[in-house]
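No hydrogens, no waters, no symmetry mates; every other heavy atom, side chains included, goes into these values.
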Amino acid sequence: MAGEGAASGPRVMSADAPPGPPAIRDAERLCARIRAVHDAIRDQVVAACEATPAERLAAVVAEEGGDTVFAIDRVSEAVLVERFADIARDWSCLLIAEGLGSDGRLVLPRASDPAAVEVVVIVDPIDGTRGLMYQKRPAWILTGVAAARTPGGRAPRLSDIALAVQTEIPLVKQHLCDQLWAIAGQGARAERLDRLSGVRAPLSVRPSAAPTLTQGFGGVVRFFPGAREELSAIDDAVAAALLGPPRAGVAQMFEDQYISTGGQLYELMVGHDRWIADLRPVVEQALRRRGLTLGICSHPYDMCTALIAREVGVVLTDEHGGGVDAPLDVTSNVGWIGYANTTLRDQIAPVLAGILRQRGLGL
């Protein structure tokens, strides 16, 4: 493994470089420390998956922080708190994550004044729990770090995250797994680990340059019952507007409902998907007007590694074309749209906006 101050993996610079968030002291060293925490969580969770029946890992142990907590989540939470307590000796922090109580907040070192911490760290220890615990698909560890002190003294938000790391938690039968990280304005880097040999190799990461949706993967997120009819109709309307009506014997494009926001961002970053739209907060507002509820949306911890995607070159917006932003908490709903490149954004965004307005879901 690279040393604390070392950087490994190819660096990919973003073509767009807006003013960055407040810088973090000794960010390279902190990044290396967080990557080591991710390694420990990954190894512990994989070991638990190897040793424990899926039925036990899938047991519901709590409803906290806006989501269901499963037994497998407790494995990662224990490592998370222990390792960040050590990091907090050098960077006092407010740690935000599911499983840290009803408000999902823990000040480290524990005797610290919450108003005096240096950084705010938001973490999803396992993003994609449901797929992992049944060994259907890898999950991800997600961490975003923002300076606690921002211009004007406001509380830091997603847009203030200046350091992010995401690490794949592989299936038991999977020997390769990836880790990606970024410091704001310095591009993104990535490594692939061979779990059998322990060898790490630089990983080249770049989004798709395809100029159309034809024969590509992408679409609208619809993981759960409650609004899939509406979300599917939006997805079909976008495809029809851009590709025309379906033709017999021809598959125009494909979808992949990866039940992990970090996993979806990864699919955009490595060129697998061309666009993804998580419109659940918009649809949930419409359902509430009818006395119904969708159930669950993405939260800020799910999107805390968006910095990496932006540094790679993925174009990210909110549901209405603005910037993706939210408080750093465990309850706020977050919608987002990701495009592999600006050409696809320029094609899809106006069509999608028009469809949302037609269906009474626009601004």
Both conditions, 6.0 Å and 45 degrees, for the charged tip of Arg35 above the ring of Trp181: are they met here? yes

Asp318 side chain vs His320 backbone, donor-acceptor pair below 3.5 Å: yes

Below 4.0 angstrom, N of the basic side chain to O of the carboxylate: do Arg83 and Asp86 qualify? no

Check step by step if salt bridge (charged side-chain N to carboxylate O under 4.0 Å, His left out) holds for Glu118 and Arg89. CA-CA 11 Å; Glu118 183 175 359; Arg89 296 172 183 169; over 6 Å; no

Keeping Gln174 on the side-chain end and Leu171 on the backbone end, is there a donor-acceptor pair under 3.5 Å? yes

With sequence neighbours excluded, residues passing salt bridge (Lys or Arg N to Asp or Glu O under 4.0 Å) with Asp160: Arg154

For residues Tyr301 and Glu98, is any side-chain donor paired with an opposing acceptor at under 3.5 Å? yes

Would you mind reporting whether Pro21 and Ser159 have side-chain heavy atoms less than 4.5 Å apart? no

Indicate yes or no for a side-chain donor-acceptor contact from Asp302 to the backbone of Thr261 under 3.5 Å, with no hydrogens or angles considered. no

Cation-pi between Arg274 and Phe217: NZ/CZ under 6.0 Å from ring centre and within 45° of the ring axis? no

Sub-4.5 Å side-chain heavy-atom contact between Pro207 and Leu268: no

Pairwise side-chain contact, Leu344 with Leu213, heavy-atom cut-off 4.5 Å (strictly under): yes

By side chain to side chain contact (heavy atoms under 4.5 Å, CB included) - contacts of Asp236 (at least two apart): none

Please set out all donor-acceptor pairs under 3.5 angstrom arising from side-chain atoms of residues 41-52, sequence neighbours excluded.
{"residue": "Arg42", "atom": "NH1", "partner": "Asp39", "partner atom": "OD1", "Å": "3.1"}
{"residue": "Thr52", "atom": "OG1", "partner": "Ala48", "partner atom": "O", "Å": "3.0"}

Has the side chain of Trp336 got a donor or acceptor atom that lies under 3.5 Å from a matching backbone atom of Ala306? no

Output all residues satisfying side chain to side chain contact (heavy atoms under 4.5 Å, CB included) with Arg222, sequence neighbours left out; order by chain, then residue number. Val220, Arg228, Leu231, Ser232, Asp235, Glu255, Gln257

Of all residues at least two apart in sequence or in a different chain, which pass the side-chain hydrogen bond (donor to acceptor under 3.5 Å, both in side chains) check with Arg195? none

Can any side-chain N or O of Gln252 pair as donor or acceptor with the backbone N or O of Leu243 at less than 3.5 Å? yes

Is there a donor-acceptor pair closer than 3.5 Å between any side-chain N or O of Glu168 and the backbone N or O of Pro170? no

Is a donor on one side and an acceptor on the other found under 3.5 Å between the side chain of Asp90 and the backbone of Ile87? no

Side chain to side chain contact (heavy atoms under 4.5 Å, CB included) involving Asp346 - partner list, sequence neighbours excluded: none

Side-chain heavy atoms of Trp275 within contact of Met253, under 4.5 Å: yes

Above 12 or not: heavy atoms from other molecules or residues under 6.0 Å from CZ of Arg105? no

Under-4.0 Å salt bridge between Asp26 and Arg33: no

side-chain contact (heavy atoms from CB on, under 4.5 Å) test vs Ile161 passes for just one of Ile308, Thr305, Ile122, Val121, namely Ile122

